[in-house]
Protein chains: 2
Amino acid sequence: MEDRRPASQRIADDLRRSIQSGELAAGERLPSERELASRYGTARNTARAAVSLLASSGLVVAEHGRGVFVRSRGPLIRMSSDRYSPRHHDDELPPFRAECARQGKLGRVEMISVERVTPPPDVAARLSLSTSSKSVIQRESVSFADDDAVHRVTTWIPWSIAKGTGLVRPDVGHPRGIYGVLEGETGHAMTRIREEVTARMPTPDEQGYLRLPPGVPVLDVLHTSLDQNSEPYELTRFVMRADLAGLVYDVPVE
Amino acid sequence: MEDRRPASQRIADDLRRSIQSGELAAGERLPSERELASRYGTARNTARAAVSLLASSGLVVAEHGRGVFVRSRGPLIRMSSDRYSPRHHDDELPPFRAECARQGKLGRVEMISVERVTPPPDVAARLSLSTSSKSVIQRESVSFADDDAVHRVTTWIPWSIAKGTGLVRPDVGHPRGIYGVLEGETGHAMTRIREEVTARMPTPDEQGYLRLPPGVPVLDVLHTSLDQNSEPYELTRFVMRADLAGLVYDVPVE
DNA sequence: GAGTGGTCTAGACCACCTA
DNA sequence: AGGTGGTCTAGACCACTCC
């Protein structure tokens, strides 16, 4: 009966197995830390270490005063590459809200700010701008599905393009949103997009405004729109909760 | 001089600030846990909790017996959507090794297994197969850049297609790899791809074979290849270290 | 009030690395 | 040998939730 593995890992492994086998179903409460400690004959801290291993890998979530619960993973909000397609120009709902509706959720977008700012270096580089002062309009918003913040969206448009359009104000007022304005009022039609996708753990402020439980990474998508001259005219960064949202690319092989 | 925040968080915040300001540069060692404890007048456990907060968000990495070090983040290995393009058919190096070379690294792929298996349900569904027994060939490999495991690749091909080709053996022996075989010997030409992208924390076995430090999420990409009849004929799952690799999609708006 | 997780203390011993 | 992180103990008090 050798047991070379540390007690905390043994407890964590036992719990993980119980979860994966379905013995502990999604939403169910784990034994309390004190219960685990006495059951395994360890100090409470040790049982607690085991639970926090599972928490930091996103398997369970602790609720203060209530217990530790198995996280449930529903279907993801899927941001598809065809969300910019002309096929969808006459849709009733914008892509995010349509996807939420498809899953029986209520989509909602909350505008945070619209400002003329100096672009961060990675943004300036992709828009072929010098990092000269206040050369872009920055629009920030947060998208919700049924009160869960799903992603934060930050859009940058060169001031030289956005100047004089409705894009400098929070309410856009165009049936097709900012892309409608960009095509209709400034003549930039989207012909290609380029999206650079990474994943990482959230920063503390992202944890804050997305209300992220520990152990949930974010998808970080840097989107560039190219116009009919293959020139970049708009950049958007999506920071998405990876446990609530995913990406789908459906593309031709060229 | 109010300090309502817990001491461990205060220490973590101070360290985070030092790192972000560059005061603690990438690769540098943090003060030891005992040093932090005495500096802040807390128990060692408290200082340790602070450090492990940073570790689980991927900012630092602990090395047993040596210290805790600020993680450096180099440029990512970028898997681009054009890696399947006919434009690259005559390239000297396959896409992964070419990308590594571009970054001065040595790319290498290690074959793990080639087996005839019963497909997992999500795979069977996308290949329009019943989950009947052993209906696919499964090929597994791990890709390395300079001794770092960057991603694990699992490919499934329906047995009805792979039967009788070189795909049932580990060494493929075609200049263009498995896609060359699929096009040349079975007549399935790739016309579209569909990639479903999510991110999550790794499972314990992924932590093992990718040698993942804590606090590093993985990108989980489920790739489907469609042939000239828009039928799926091959599926691949990439599980990628998100701190070493990213994705790039460069696609037309249709 | 009883039970839960959140934080903390002040020790201890072990495993690993550097010298 | 001495310093580092890894694990653990046996307590304590606090904050929150539920009844």
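Chain A is the first sequence line, chain B the second, and so forth, proteins listed ahead of strands; every chain is numbered from 1.
Comparing Arg29(A) and Arg44(B) along DNA chain C, the residue whose closest nucleotide (by nearest heavy atom) sits nearer the 5' end is Arg29(A). Place Ala49(B) and Ser32(A) on DNA chain C by their nearest nucleotides, and Ser32(A) ends up nearer the 5' end.
Nearest nucleotide to the side chain of Glu33(A), out of dG6(C), dC8(C), dT7(D): dG6(C). In the set dT4(C), dG6(D), dT9(D), the nucleotide with an atom closest to the side chain of Arg48(B) is dG6(D). Considering only the side chain of Arg66(B), dT18(C) comes nearest among dC13(C), dC18(D), dT18(C). Closest approach to the Asn45(B) side chain among dG5(D), dT9(C), dG5(C) is made by dT9(C) (side chain taken as heavy atoms from C-beta onward).
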Could you walk me through whether Glu196(A) and Arg78(B) satisfy the salt bridge (charged side-chain N to carboxylate O under 4.0 Å, His left out) test, starting with their C-alpha distance in whole Å, then the side-chain angles of each, then the deciding distance to 0.1 Å, before giving a yes or no? CA-CA 9 Å; Glu196(A) 300 163 77; Arg78(B) 291 153 69 104; 3.3 Å; yes
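The distance from atom CD of Gln9(A) to atom C1' of dG6(D) is 10 Å, rounded to the nearest whole Å. Per the geometry, CZ belonging to Arg34(B) stands 16 Å off P belonging to dA10(C), to the nearest Å. Taking atom CG on Leu36(B) and atom C1' on dT4(D), their separation rounds to 13 Å, with Å as the unit. Taking atom CD of Glu35(A) as the reference point, atom C1' of dA2(C) lies 15 Å away to the nearest angstrom. As rounded to whole Å, 14 Å separates atom P of dT9(D) from atom OH of Tyr40(A).
Salt-bridge formation is detected for the pair Asp220(B)/Arg237(B): a Lys NZ or Arg NE/NH1/NH2 atom is positioned less than 4.0 Å from an Asp or Glu carboxylate oxygen.
Remark: Ser8(B) is in phosphate contact with dC8(C), judged by side-chain N or O atoms under 4.0 Å from OP1 or OP2. Put simply, Thr46(B) has a side-chain N or O that comes within less than 4.0 Å of OP1 or OP2 on dT9(C).
Note on Val51(B): nothing from the nucleic acid sits closer than 4.0 angstrom, heavy atoms only.
For the pair His64(B) and dG6(D), the ring geometry does not qualify as stacking, because the centroid separation below 5.5 Å and plane angle under 30° are not jointly satisfied.
Between the side chains of Tyr249(B) and Arg194(A), no donor N or O sits under 3.5 Å from an acceptor N or O. Of the N and O atoms on the side chains of Thr155(B) and Thr236(B), at least one donor lies less than 3.5 Å from an acceptor on the other residue.
The shortest non-hydrogen separation linking Leu219(A) to Ala199(B) is CD2-CB, 3.9 Å.
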